[in-house]
Trainee: 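Can you read through this structure? Questions will come right after.
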Amino acid sequence: MSRTARSRSRAFRQRYGASPLHLLLVLASFALTVYAGIRLLRGDTVGVAIWFVGAALLHDLVLLPLYSVTDRAAQRLWRAGATEGGTPRPSVNYFRVPAFVAGVLFLVWWPLILQQGGHYTAATGLSADVFLPRWLLITAGLFLASALLLVVRTWLRLRPQRKERRARARAQARARRAAS
């Protein structure tokens with residue numbers, strides 16, 4: 001790259017704050033968003049607007065307080081594992097992540113999970129009876145994987161302490177044998 005090209009790139013980066021590729025990707029994402037919005041609003045504009053307002057109200061008035069209270073309860077459960085400084089250990093995240101993923105899956109598939117999707121069976125010819133058991137299995141698998149990960153990470157974190165205790169116990173036993 002020539003010196004003038006580098007100086008132009010450096011000047012652009014100083015003015016914009018990122019590389020020209022970043023600007024190109026941002027502009028492309030805006031173009032894609034505008035295209036999707038035009039396609040979405042081409043059909044039932046009032047219905048889409050009502051859905052957006054309803055989704056915002058449902059999130060702000062129902063879901064946000066619900067998952068905030070649930071998160072506070074989970075933090076209190078894990079407060080017993082707090083460090084000396086009083087800061088909670090990140091073990092609450094082993095509950096947050098699978099709960100979040102299961103919640104998002106439920107929000108996306110709730111009509112089929114709760115067997116409210118009558119038109120689904122008519123449109124695809126497939127039964128919607130399997131969604132609740134599968135969602136429950138996925139949720140159980142997420143929590144199981146998270147619990148296993150917590151156990152393994154806790155075991156690995158405490159491993160040096162166990163080795164140190166064993167070494168101390170061996171040294172004490174040798175000292176007792178030497179003293180007798």
Side-chain angles (χ1 to χ4, degrees), residues 18 22 25-26 28-30 32-33 35-37 39-40 43-44 47-170:
H22 180 268
L25 290 174
V26 168
S29 68
F30 281 144
L32 182 63
T33 303
Y35 172 74
R39 295 278 309 218
L40 181 66
D44 182 18
V48 170
I50 290 172
W51 186 87
F52 266 42
V53 170
L57 289 175
L58 175 70
H59 176 267
D60 292 349
L61 298 178
V62 177
L63 296 178
L64 180 66
L66 180 68
Y67 60 72
S68 295
V69 166
T70 305
D71 186 57
R72 290 284 170 102
Q75 287 180 22
R76 287 217 169 118
L77 284 173
W78 270 274
R79 188 156 299 170
T83 59
E84 294 81 32
T87 59
R89 287 194 179 142
S91 57
V92 72
N93 292 333
Y94 292 95
F95 173 77
R96 281 179 181 157
V97 171
F100 173 76
V101 173
V104 168
L105 287 174
F106 183 79
L107 282 175
V108 170
W109 299 102
W110 69 269
L112 295 171
I113 291 171
L114 299 178
Q115 297 181 355
Q116 302 286 320
H119 63 281
Y120 175 81
T121 304
T124 63
L126 301 173
S127 174
D129 295 338
V130 297
F131 282 91
L132 177 62
R134 287 181 183 174
W135 177 75
L136 290 172
L137 282 172
I138 290 170
T139 301
L142 287 168
F143 277 99
L144 179 66
S146 184
L148 288 173
L149 190 60
L150 175 62
V151 167
V152 167
R153 285 195 172 170
T154 302
W155 183 76
L156 290 174
R157 184 173 36 96
L158 296 176
R159 197 166 151 194
Q161 294 171 359
R162 287 192 307 270
K163 282 184 176 180
E164 184 181 316
R165 275 192 298 241
R166 277 190 237 129
R168 259 187 284 150
R170 282 189 220 124

Trainee: Would you give the length of the straight line joining atom CG of Leu57 to atom CD1 of Ile50, rounded to the nearest 0.5 angstrom?
Mentor: 12.0 Å

Trainee: Give, for atom CG of Leu148 and atom CZ of Phe143, the distance between the pair rounded to the nearest 0.5 Å.
Mentor: 13.5 Å

Trainee: State the CH2-CG distance between Trp135 and Leu114, to the nearest 0.5 angstrom.
Mentor: 8.5 Å

Trainee: Locate the shortest heavy-atom distance separating Val108 from Pro111; write the atom from each residue and the value.
Mentor: O-CD, 4.3 Å

Trainee: Looking at Ala102 and Leu142, what are the two nearest heavy atoms and their distance?
Mentor: N-CD1, 4.1 Å

Trainee: What distance do Leu149 atom CG and Leu144 atom CG have between them, rounded to the nearest 0.5 Å?
Mentor: 11.0 Å

Trainee: Check whether more than 12 heavy atoms from other residues, nucleotides or ligands sit under 6.0 Å from atom CH2 of Trp109, and answer yes or no.
Mentor: no

Trainee: Indicate the atoms forming the closest heavy-atom contact of Leu150 with Ser91, along with that distance.
Mentor: CD1-CB, 4.0 Å

Trainee: Supply the atom-to-atom distance Thr139 OG1 to Arg134 CZ, rounded to the nearest 0.5 angstrom.
Mentor: 14.0 Å

Trainee: How many angstroms lie between atom CH2 of Trp51 and atom CG of Leu40, to the nearest 0.5 angstrom?
Mentor: 8.5 Å

Trainee: Report, one line per pair, each donor and acceptor closer than 3.5 Å where one atom sits in a side chain of residues 58-70; sequence neighbours left out.
Mentor:
from: His59; atom 1: NE2; to: Tyr67; atom 2: OH; distance (Å): 2.7
from: Ser68; atom 1: OG; to: Leu64; atom 2: O; distance (Å): 2.8
from: Thr70; atom 1: OG1; to: Leu66; atom 2: O; distance (Å): 2.8

Trainee: Here's a test for you: under side-chain hydrogen bond (donor to acceptor under 3.5 Å, both in side chains), which of Arg168, Arg166, Gln161 qualifies with Glu164?
Mentor: Arg168

Trainee: Keeping to residues at least two apart or across chains, list the salt bridge (charged side-chain N to carboxylate O under 4.0 Å, His left out) pairs with something in residues 94-103.
Mentor: Asp71-Arg96

Trainee: Quick one: closest heavy-atom pair of Ile138 and Leu105, and the distance?
Mentor: CG2-CD1, 3.7 Å

Trainee: May I ask you to check whether over 12 heavy atoms, not counting those of Phe106, lie within 6.0 Å of atom CZ?
Mentor: yes

Trainee: Would you name the heavy atoms of Gln75 and Val92 that are closest together and state the gap between them?
Mentor: N-CG2, 3.9 Å

